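Before any comments, here is the structure.
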2 protein chains.
Amino acid sequence: MEERSGPSTIVDVARAAGVSVATVSRALRGLDRVSPDTREKVRRVADELHYVASPTATSLASGRTRIVGVIVPFVSRWYFASMVSAIGKALRERDYQVLLFDLEQEVFGERLTLTRTMLWKRVDGVISINIPMSPEELELLSGLHVPVVSVGHHLDDRSSVGIDDSAAARTAVAHLLELGHRDIGYIGAAIESSALNETPRSRMAAAIAAMAAAGAPVRPEWVLSSDWTAENARDLAHRLLTAGGDRPTAIVCGSDEMAFGVHVAAQELGMRVPVELSIVGIDDHPLAGLFSLTTVRQDIRGQADQAVTLLLDELVTAGNVGSHSIDEDRRLTVATELVVRGSTAAIRR
Amino acid sequence: MEERSGPSTIVDVARAAGVSVATVSRALRGLDRVSPDTREKVRRVADELHYVASPTATSLASGRTRIVGVIVPFVSRWYFASMVSAIGKALRERDYQVLLFDLEQEVFGERLTLTRTMLWKRVDGVISINIPMSPEELELLSGLHVPVVSVGHHLDDRSSVGIDDSAAARTAVAHLLELGHRDIGYIGAAIESSALNETPRSRMAAAIAAMAAAGAPVRPEWVLSSDWTAENARDLAHRLLTAGGDRPTAIVCGSDEMAFGVHVAAQELGMRVPVELSIVGIDDHPLAGLFSLTTVRQDIRGQADQAVTLLLDELVTAGNVGSHSIDEDRRLTVATELVVRGSTAAIRR
DNA sequence: CTGAAAGCGCTTACAG
DNA sequence: CTGAAAGCGCTTACAG
């Protein structure tokens, strides 16, 4: 009769199936206490009416949105983009949606209000990708009263997943040491603006420690701070390689993108890679193959899956939110792996 | 009295301010017909109570979610990631949120259900970035009954914004012709799997037409199909440059990433760029500077802003959704611009 | 196994 | 300018 009166609601289905809305709700959500016949009929009717429950009404009634807020400093860089992609995939498989918060070009201070107002009552949980936070920001996050897991660094005493940055850097250095290198440079120390970020510091510190432990010289002028872009790394490498006096025979970079920059610098200076200069990165960026870059691969998918699992676990264990049991190990580490390509070689005697 | 009884609701504010919830609603949303004093008081009380309206309740009551679904084939590639970022920024400035749908690694057929179930009643509008759609998918999108604007290609007779792919390709070719090149190759024709996508075809066709129009030879064996990755382009360039017989003196690539691949191939073959080979791309990718790549820049931010403006316009004009007035020009084109760097040079006589 | 009813937290005519 | 009340479309005890 009433064919076209807008999208159908649960009431339409109930009426057409000759049952109550409560029964429709139960039947469609697969709850128990519904007779097989009823369930079958409700399903059929719902199908015919192209019924899909209104997520908005469901959220209001149930108190859960089935949406997870994903916060990234910038989606336009490879690590973040692929992490967002992988997290979205994992979330979707569990019937959750991604509300994306890209802080790119946001003024630092404004993130506060942003976080609170925009996530407030909107999401069941939050995944924060490599975003260092001030105490105030952390407090605001807490005020959301939803589980939070961070990826790529630790936030407070919350759950987190990431690679072991120190181990990754050690792996890179160890590879060079095995090839006989002793004069090793490092590009990718933290610059001030990212001072809150652990990753640059951890990788650099571990690289230096590994060199020192092997008795290799650690020269301060060979350890360079970078903004982590390829171009900046190219400039730094230029300077490092043309400074006069000794040169390193190998350079470890905190990320593949910086390694690309070093690679280009070497070429511009007419140095052959790896014969005259070995280069190692960290990441295994999609373009690493193009540069034949030896690198320490990090498993994005693995990290994303773990992060989603952790978050959904906490979602289930909800109610006692806020009272994290720190004793359980909620800081997961996903293994990295050395990928040897053509940018490293044994040192020439 | 009742300090900690969970986040405050509109009722709490009304009670504390001594007015009705209707008045709170009006006051806080800046509607007219509220006395300045009342408004002021409500605002103050709301502030004290840290009140933020529940988006979920607002949506159910108002019928608008203030969420826009953004669909991309893969977020992990530069063009898409930066487009998502820019769109998110533009949307946020207008108080809309982004629900991200990343189709990466989804089976083509499954996108259908996905689209319907996940966007259904969830979003006020949709922005689709470069996703070719089958008639069935288009129909499903229509069934959502919300405005849709596409970026990077046309969808049906809906609104869209993008660059003029043909013009971009012509610009690239014209630049080479001016430098005296006549033996020009092209990498980036469409491969079968992306057959539905206009961009590769438009760029290639326009490039070829421009060459032909200038009386330059168009050799089928110099026009290569690619999957648009850097590595594939490298392989193709290798073959093209080592095929024996004549070689092109310049290569136009459908994207910067492919140009990177060609650049590396040239180097591997010991050809100097640009002296022995000129290379032009399209995009102005963040790494273009690293490769000193001459390219045709596309304005991501500009396109994103236009797309958001178009969409929000249609949102306002809603009610008559479905009856698009095709007469208005709803296909916006954002200008491109030649950026000359070091990968192109006048041909040697 | 099923239904009636309250409730989720807002917005929106409708009165006044 | 302001309030009482209905309504948005579900879920969830509570009865039966």
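Below, all heavy atoms of this structure are taken into account, side chains as well, without hydrogens, waters or symmetry copies. So you know, we letter chains A, B, ... as the sequences are listed, proteins then strands, and number each from 1. Note that the structure is predicted; figures quoted are calculated from it, not measured.
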Margin query: Can you see whether A/Arg94 engages A/Thr309 through a side-chain donor-acceptor pair at a distance of less than 3.5 angstrom?
Written below: yes

Next item on the list: Determine whether the side chains of B/Arg15 and B/Ser8 contain a donor N or O and an acceptor N or O closer than 3.5 Å.
Entry: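 No, no side-chain donor-acceptor contact under 3.5 Å.
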
Notebook entry, point to check: How long is the line joining CG of B/Leu31 and C1' of D/dC1, in whole Å?
Noted result: 13 Å

Measuring from the side chain of [X] (C-beta onward, heavy atoms only), which nucleotide among [options] has the closest atom?
X: A/Leu60; options: C/dT11, D/dC10, C/dG9; value: C/dG9
X: B/Ser54; options: C/dG3, C/dG9, D/dG9; value: C/dG9
X: B/Arg26; options: C/dC10, C/dC1, D/dT2; value: D/dT2
X: A/Ser20; options: C/dG3, C/dG9, D/dC10; value: C/dG3
X: B/Ala61; options: D/dG7, D/dG3, D/dC10; value: D/dG7

Next item on the list: Could you check B/Glu137 against B/Ile131 for side-chain contact (heavy atoms from CB on, under 4.5 Å), going step by step and ending with a plain yes or no?
Entry: CA-CA 10 Å; B/Glu137 291 183 301; B/Ile131 302 192; 5.8 Å; no

Checklist line | DNA chain C: stems of at least 3 consecutive Watson-Crick or G-U pairs whose donor-acceptor distances fall under 3.5 Å | finding: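 Stem list for DNA chain C: C:1-3 with D:14-16, C:5-12 with D:5-12, C:14-16 with D:1-3.
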
Notebook entry, point to check: Reckon B/Thr38 touches a base, only the sugar-phosphate, or nothing at all at heavy-atom distances under 4.0 Å?
Noted result: sugar-phosphate

Next item on the list: Flag yes if more than 12 heavy atoms outside B/Glu48 fall under 6.0 Å of its CD atom; otherwise flag no.
Entry: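 Atom CD in B/Glu48 is crowded, with more than 12 foreign heavy atoms closer than 6.0 Å.
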
